[in-house]
Asker: 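Below you will find the structure I want to go over with you.
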Amino acid sequence: MNRPTDHHRPTDRYRELAARYGTPLYVYDLDRIAEGHRALADSVPEGIELYYALKANPHPEVARALREGSDRPCRAEISSTGELDAALAAGYEAGECLYTGPGKTPAELEYALGRGVRMFSVESYTDLQHVGAAALRLGAVARCLLRINSAGTKAATTGIRMMGKPSQFGIDSETLPELMPLLTSVPGTEVVGAHFFTMSNAVDEAGLVGEFERTVRDAVRLAEEVGLPLEFLDIGGGFSSPYAVPGERAEYPKLAAELERILDLHLPRWRTGTPHLAVESGRYLVGGGGFMLSGVVNVKDSRGNRFVILDAGINTLGGLSGLGRLLPAAVQLDGEEPQDVASLVGPLCTPGDSLGRNVRLPLLEPGDVIVVPNVGAYGVSASLLGFLSRPAPVEVVLRGDEVVSATRLEFTRAEAPAVEVR
Ligand SMILES: *Cc1c(COP(=O)(O)O)cnc(C)c1O
């Protein structure tokens, strides 16, 4: 199929979808999501579980595609009742979910345990106590991974000391000698392993390999020194994929062999499931499978600068721009060479509604449709959907040329029942 990433412009098929459903419009291509899934499965040795971080895109058809239709079905990494509901709606079983996050409330913990979730990543002693208290109320035992904020080790090759930073995530590893006896005796919980997530969007394969090696070494060292349980070890992720700019996801031709080498060296019984291993990814699995189509509403010159005003702003894409995240840097139409430099802005009444400054563009006029590739992850889910009260974009799911679904998130104001105080 002729895909928009080939040209950074809408194909006839995408133009037709934009005409049928209107813009702004997200298109998720399940064939491309399957490619991301296969690429991750090929990069990670068999026997290591793949977790899909629903934060990247909780759309049920997207999440479902990653569980079905592969001999390496993903499990679900979730962090809210909404993500749990999305995972269950997509066919994941509660037992396939890992519940993470630094601020798990008693109510959401009870909800999750009530739906059958038994695996939690905990980020502090008190977080573990909250999980335990909720489990006791439900007569359950929660299997917990201690998320570790590693103080770092002296890298053997470079001698550079990597210090852990203060963070709301994870338990400072240097506090484990003191904490371990407490952590292993919280009623309602059983600490079964560790969770590391030290990096997102690694710059290259060597960086990713180095980070995994450091993580595995840290885990083994903590097991030996403080008795960190290692029945289950989640070594995190960092698999890289472009965001809202043209390009392909990173390739990791050596990673599988390197991981096998690292694991054989440090955890010689990993091939028989001791420990049980997992990695996590959001953007690598689904980033390349999503496109956003947006209509040009107006083109305006102001004091020598051109503004292309779109019907999609940070309410539709790029809500994380306050964090300095990359925004679209390239848009082309009809294979034209870029002839213009302009700011791409959205329709919201805030100067912060910018999708790109000094972007090289073809000459655009009202009614044109542009396409932004690589927004299958952190597109709709990371946007300021409620800001300025515009409708959420339609999300169309394609398998081949067939439309599997076309839906839109709806917000309605409903009566809020008073919360029961415990
Ligand atoms: C956000 C997150 C992920 C996914 O990150 P990507 O960069 O999209 O792969 C995985 N695990 C945890 C714990 C996360 O917070």
Side-chain angles (χ1 to χ4, degrees), residues 28 33 36-37 39-41 43-44 48-59 62-63 66 74-80 82-84 86-87 92 96-104 112 117 119-124 127 144-150 165 167-171 193-205 207-208 211-212 215 219 232-245 247-252 255 277-290 317-320 323-326 374-383:
Y28 306 132
I33 288 169
H37 189 179
L40 185 65
S43 304
V44 174
I48 299 185
E49 206 85 67
L50 311 178
Y51 275 81
Y52 173 49
L54 265 83
K55 170 178 80 188
N57 188 338
H59 193 293
V62 170
L66 294 168
C74 288
R75 295 176 164 224
E77 194 261 305
I78 54 172
S79 194
S80 68
E83 287 186 355
L84 170 55
Y92 292 81
E96 299 167 354
C97 295
L98 169 63
Y99 205 110
T100 69
K104 297 183 279 295
V117 177
M119 183 80 111
F120 295 83
S121 164
V122 299
E123 315 242 12
S124 62
D127 190 29
C144 294
L145 307 179
L146 302 180
R147 182 158 173 187
I148 305 296
N149 178 6
S150 208
K165 295 199 182 77
S167 171
Q168 76 263 50
F169 299 112
I171 300 169
H195 175 202
F196 291 76
F197 188 75
T198 57
M199 158 166 91
S200 235
N201 225 2
V203 288
D204 58 22
E205 185 170 36
L208 198 56
E211 198 61 28
F212 281 134
T215 291
F232 191 111
L233 174 60
D234 181 340
I235 59 174
F239 308 97
S240 176
S241 183
Y243 177 58
V245 292
E248 291 295 322
R249 75 181 75 79
E251 286 180 26
Y252 300 118
L255 180 61
L277 289 157
V279 295
E280 308 172 339
S281 172
R283 69 188 70 227
Y284 195 78
L285 288 164
V286 300
L317 172 68
L320 296 178
L323 303 176
R325 295 292 151 88
L326 278 181
N374 289 316
V375 292
Y378 309 112
V380 173
S381 73
S383 298

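Since the model is a prediction, treat every value here as computed from it, not as a measurement. In each ligand, atom 1 is the first atom listed, and ligand 1 is the first ligand listed.
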Asker: Looking only at the aromatic ring of each residue, does the gap between the centers of Phe197 and Tyr51 stay below 6.0 angstrom?
Answerer: no
Asker: May I ask you to decide if Phe239's main-chain N or O and Tyr252's side chain share a donor-acceptor pair within less than 3.5 Å?
Answerer: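 No; judged by distance alone, with no hydrogens or angles, the pair does not exist.
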Asker: Among protein heavy atoms, which lies nearest atom 13 (C) of ligand 1, and at what distance?
Answerer: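 Residue, atom and distance for the closest contact: Glu280 OE1, 3.4 Å.
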Asker: Is there a polar contact between ligand 1 and Glu77, counting only N or O atoms under 3.5 Å apart?
Answerer: yes
Asker: Checking Thr100 now: which residues fulfil side-chain contact (heavy atoms from CB on, under 4.5 Å) with it, not counting sequence neighbours?
Answerer: Glu77, Ser79, Leu98, Ser121, His195
Asker: Counting N and O atoms only, with roles assigned by atom type, does the side chain of Asn374 sit under 3.5 Å from a partner on the main chain of Ser241, one being a donor and the other an acceptor?
Answerer: no
Asker: Taking both backbone and side-chain atoms of Thr100, is any N or O found less than 3.5 Å from an N or O belonging to ligand 1?
Answerer: no
Asker: Would you check whether Asn201 has a nitrogen or oxygen atom less than 3.5 angstrom from a nitrogen or oxygen atom of ligand 1?
Answerer: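 No, since none of the N or O atoms of Asn201 sits under 3.5 Å from an N or O of ligand 1.
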Asker: Under 4.0 Å from any heavy atom of Ser281, which atoms of ligand 1 are there?
Answerer: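 Near Ser281, the atoms of ligand 1 are 9 (O).
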Asker: Which ligand 1 atoms does Ser200 reach within 4.0 Å, using its non-hydrogen atoms?
Answerer: 5 (O), 6 (P), 7 (O)
Asker: Which ligand 1 atoms, with their elements, are less than 4.0 angstrom from a heavy-atom of Ala53?
Answerer: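 Counting from 1, the qualifying ligand atoms are 3 (C), 4 (C), 10 (C).
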Asker: Only one of Val286, Val380, Ile33 passes side chain to side chain contact (heavy atoms under 4.5 Å, CB included) with Asn57; say which it is.
Answerer: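 Considering Val286, Val380, Ile33, a side chain to side chain contact (heavy atoms under 4.5 Å, CB included) with Asn57 is found only for Val286.
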Asker: Give the single entry among Tyr378, Tyr52, Phe196, Tyr284 that approaches atom 5 (O) of ligand 1 most closely by any heavy atom.
Answerer: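 It is Tyr378 that holds the nearest heavy atom.
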Asker: Using a 4.0 Å heavy-atom cut-off, which part of Lys55 comes near ligand 1: side chain, backbone, both, or neither?
Answerer: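 Near ligand 1, Lys55 shows its side chain, while the N, CA, C and O stay back.
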Asker: Under 4.0 Å from any heavy atom of Gly282, which atoms of ligand 1 are there?
Answerer: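 Answer for ligand 1: 4 (C), 6 (P), 8 (O), 9 (O).
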Asker: How long is the gap from CG on Leu40 to CD on Glu280, to the nearest 0.5 Å?
Answerer: 11.0 Å
Asker: Non-hydrogen atoms of Ala56 versus ligand 1: any pair closer than 4.0 Å?
Answerer: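 No, Ala56 has no heavy atom closer than 4.0 Å to ligand 1.
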Asker: Would you please name every residue forming a side-chain contact (heavy atoms from CB on, under 4.5 Å) with Ser80, sequence neighbours left out?
Answerer: Glu83
Asker: Starting from atom 3 (C) of ligand 1, what is the nearest protein heavy atom, named by residue and atom, and what distance separates them?
Answerer: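 Closest protein heavy atom to atom 3 (C) of ligand 1: Phe197 CZ, 3.4 Å.
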Asker: Is there a side-chain contact between Phe196 and Ile235 (heavy atoms, below 4.5 Å)?
Answerer: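 No, every pair of side-chain atoms sits at 4.5 Å or beyond.
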